[in-house]
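Numbers here simply count residues along the sequence, with the first being 1. What you are looking at is a predicted structure, and each value in this text was computed from that prediction instead of being measured.
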Amino acid sequence: MPVVIGGKPQSGFTDPIGLLTDCHRRIERFLAVLEQVSAQARGGPLDSEQRAALETALRYFRDAAPKHTADEEQTLFPRLRSLENAEARAVLAKVEALETQHTEADRRHAEVDRLGRAWLEGGTLAGPDAERLASLLAELSEMYRGHISLEEEEVFPAAASSLGDAERRAMGREMAARRGLAGPAESSTEQPA
């Protein structure tokens with residue numbers, strides 16, 4: 001079964017809330033790639049397709065996904081904390097839990113990266129390490145299901161209804177700058193992490 005990677009962005013930097021949702025789809029896809037490779041090869045030798053998929057997914061979580069976390073923790077969440085409306089205040093208690101989950105996910109991803117690199121370098125992954133990798137991926141998958149659901153069903157809608165156009169433009173500029181881009185053009189669909 002071929003491993004499918006990537007996805008077309010649906011939003012540009014002029015729609016930062018939409019971009020955050022797009023990032024969730026990439027997180028889900030790349031995590032599914034890791035789970036698929038782990039389940040198919042079970043620590044054994046990787047074929048060229050599996051090797052490329054593993055390298056790409058590990059690189060995504062090592063290099064790009066942290067930008068998404070920063071988009072939330074440095075760009076979105078502080079703006080929600082500064083709002084004086086009931087809808088934003090209602091989700092703020094949940095934001096702290098989301099930040100804790102980000103830290104837990106980072107720890108698990110670091111271990112996944114270590115195991116994945118060992119697999120790539122050594123050609124195989126010992127049974128206990130292969131089992132640990134599968135376990136970590138299952139934990140991440142479960143955590144992301146609830147995390148993404150909470151953000152997309154409660155946090156993002158509160159942000160979308162509470163933040164004005166100027167705040168959204170500022171968010172888009174910050175997100176673009178985080179990726180080394182000058183700033184969003186009105187029609188920009190540059191794909192973020």
Engineer: First locate atom CG of Leu58, then atom CZ of Phe30, and finally report the distance between them rounded to the nearest 0.5 Å.
Structural biologist: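 So the gap between those two atoms works out to 10.5 Å.
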Engineer: Can you confirm whether the side chains of Arg168 and Thr14 place a donor and an acceptor under 3.5 Å from each other?
Structural biologist: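 No, no side-chain donor-acceptor pair sits under 3.5 Å.
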Engineer: Is there side-chain contact between Tyr60 and Arg26, with heavy atoms separated by less than 4.5 Å?
Structural biologist: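 Of all side-chain heavy-atom pairs linking Arg26 with Tyr60, at least one is under 4.5 Å.
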Engineer: Can you tell me how far CD of Glu104 sits from CD of Glu139, rounded to the nearest 0.5 angstrom?
Structural biologist: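 Rounded to the nearest 0.5 Å, the CD-CD separation comes out at 10.0 Å.
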Engineer: Once you round to the nearest 0.5 Å, how far does CZ of Arg178 lie from CG of Leu181?
Structural biologist: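 With rounding to 0.5 Å, CZ (Arg178) is 12.0 Å from CG (Leu181).
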Engineer: At their closest point, which heavy atom of Arg179 faces which heavy atom of Met175, and how far apart are they?
Structural biologist: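 Distance-wise, the nearest heavy atoms are NH1-O, 2.7 Å.
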Engineer: Please find the pair of heavy atoms, one from Leu46 and one from Ala41, that lie closest to each other, and give the distance.
Structural biologist: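 Where Leu46 meets Ala41 most closely, the heavy atoms are CD2-CB, 3.8 Å.
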Engineer: Between Leu163 and Leu83, which heavy-atom pair has the shortest distance, and what is it?
Structural biologist: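 For Leu163 and Leu83, the tightest heavy-atom pair comes out as CD2-CD1, 3.9 Å.
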Engineer: Decide whether Gln40 and Gln50 meet the rule of one side-chain donor and one side-chain acceptor closer than 3.5 Å.
Structural biologist: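 Per modelled atom types, Gln40 and Gln50 side chains form a pair under 3.5 Å.
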Engineer: Closer than 4.0 angstrom, basic N to acidic O: yes or no for Asp113 and Arg117?
Structural biologist: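 Yes, Asp113 and Arg117 are salt-bridged.
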Engineer: From Arg108 CZ over to Leu140 CG, what is the distance, rounded to the nearest 0.5 angstrom?
Structural biologist: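 So the gap between those two atoms works out to 6.0 Å.
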Engineer: Taking all atoms of both residues into account, what is the closest heavy-atom pair of Ser11 and Asp15, and its distance?
Structural biologist: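 In terms of heavy atoms, the two residues are closest at OG-OD2, 3.4 Å.
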Engineer: Tell me, do Gln74 and Thr69 make a side-chain contact under 4.5 Å, heavy atoms counted?
Structural biologist: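 Gln74 vs Thr69: side chains apart.
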Engineer: Is there a side-chain contact between Arg42 and Glu131 in this structure, where contact means two heavy atoms from C-beta onward sitting under 4.5 Å apart?
Structural biologist: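 Counting from C-beta outward, Arg42 and Glu131 never come under 4.5 Å.
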Engineer: Give, for atom CZ of Arg169 and atom CD of Glu174, the distance between the pair rounded to the nearest 0.5 Å.
Structural biologist: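 Separation between the atoms: 13.5 Å.
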Engineer: Looking at residues at least two apart in the chain, or sitting in another chain, which of them share a ring pair (Phe, Tyr, Trp, His ring centres under 6.0 Å) with Phe156?
Structural biologist: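 Applying ring pair (Phe, Tyr, Trp, His ring centres under 6.0 Å) to Phe156 gives His24.
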Engineer: Between Glu152 and Arg25, does any side-chain N to carboxylate O distance fall below 4.0 Å?
Structural biologist: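 Judged by the 4.0 Å cut-off on N to carboxylate O distance, Glu152 and Arg25 do form a salt bridge.
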Engineer: To the nearest 0.5 Å, how far apart are CD in Glu72 and CG in Leu80?
Structural biologist: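 Rounded to the nearest 0.5 Å, the CD-CG separation comes out at 10.0 Å.
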Engineer: Please name the pair of heavy atoms, one in His68 and one in Ile27, separated by the smallest distance, quoted to 0.1 Å.
Structural biologist: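 Closest approach of His68 to Ile27, heavy atoms only: CD2-CD1, 3.7 Å.
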Engineer: Does the side-chain contact (heavy atoms from CB on, under 4.5 Å) test come out yes or no for Leu76 and Ile17, once each step is laid out?
Structural biologist: CA-CA 9 Å; Leu76 176 62; Ile17 305 296; 4.1 Å; yes
Engineer: Should Glu151 and Leu20 count as side-chain neighbours, where that means a heavy-atom distance under 4.5 Å?
Structural biologist: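 A side-chain contact under 4.5 Å is absent here.
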Engineer: For a quick test of reading the model, state the closest non-hydrogen atom pair linking Arg79 to Thr75 and the distance between them.
Structural biologist: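 Arg79 and Thr75 have their closest heavy atoms at NH1-O, 2.8 Å.
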Engineer: If we ignore hydrogens and angles and just use 3.5 Å, is the side chain of Trp119 paired with the main-chain N or O of Arg51 as donor and acceptor?
Structural biologist: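 Checking the backbone N and O of Arg51 against the side chain of Trp119, no donor-acceptor pair under 3.5 Å is found.
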Engineer: Have Glu153 and Ser149 got a donor and an acceptor in their side chains that come within less than 3.5 Å?
Structural biologist: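 Side chains of Glu153 and Ser149: pair found under 3.5 Å.
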Engineer: Quick check against the 3.5 Å criterion: does Thr56 have a side-chain atom that pairs as donor or acceptor with the backbone of Ala52?
Structural biologist: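 It does hold such a pair.
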Engineer: Applying salt bridge (charged side-chain N to carboxylate O under 4.0 Å, His left out) to Glu99 and Arg81, what does each step give before you reach the verdict?
Structural biologist: CA-CA 13 Å; Glu99 289 172 323; Arg81 287 184 176 108; 2.9 Å; yes
Engineer: Between Leu54 and Leu120, does a side-chain contact (heavy atoms from CB on, under 4.5 Å) hold up when you go through it step by step?
Structural biologist: CA-CA 8 Å; Leu54 179 59; Leu120 290 166; 3.8 Å; yes
Engineer: Can you list everything that forms a side chain to side chain donor-acceptor pair (under 3.5 Å) with Ser141? Sequence neighbours excluded, please.
Structural biologist: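 Residues passing side chain to side chain donor-acceptor pair (under 3.5 Å) with Ser141: Arg145.
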Engineer: Sequence neighbours left out, cut at 3.5 Å: what donor-acceptor pairs do the side chains of residues 85-96 make with other protein atoms?
Structural biologist:
{"from": "Asn85", "atom 1": "OD1", "to": "Glu87", "atom 2": "N", "distance (Å)": "3.2"}
{"from": "Asn85", "atom 1": "OD1", "to": "Ala88", "atom 2": "N", "distance (Å)": "2.7"}
{"from": "Asn85", "atom 1": "ND2", "to": "Ser162", "atom 2": "OG", "distance (Å)": "3.1"}
{"from": "Glu87", "atom 1": "OE1", "to": "Ser161", "atom 2": "OG", "distance (Å)": "2.5"}
{"from": "Glu87", "atom 1": "OE2", "to": "Ser161", "atom 2": "OG", "distance (Å)": "3.3"}
{"from": "Arg89", "atom 1": "NH1", "to": "Glu84", "atom 2": "O", "distance (Å)": "3.4"}
{"from": "Lys94", "atom 1": "NZ", "to": "Glu154", "atom 2": "OE1", "distance (Å)": "2.3"}

Engineer: With the side chain counted from C-beta on, respond yes when Leu136 and Leu115 share a heavy-atom pair under 4.5 Å apart, and no when they do not.
Structural biologist: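 The answer is yes, as the side chains (C-beta and beyond) meet within the 4.5 Å cut-off.
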Engineer: Evaluate the side-chain proximity of Leu19 to Phe13: yes if any heavy-atom separation is below 4.5 Å, no if none is.
Structural biologist: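 When only atoms from C-beta onward are counted, Leu19 and Phe13 do touch, with a gap below 4.5 Å.
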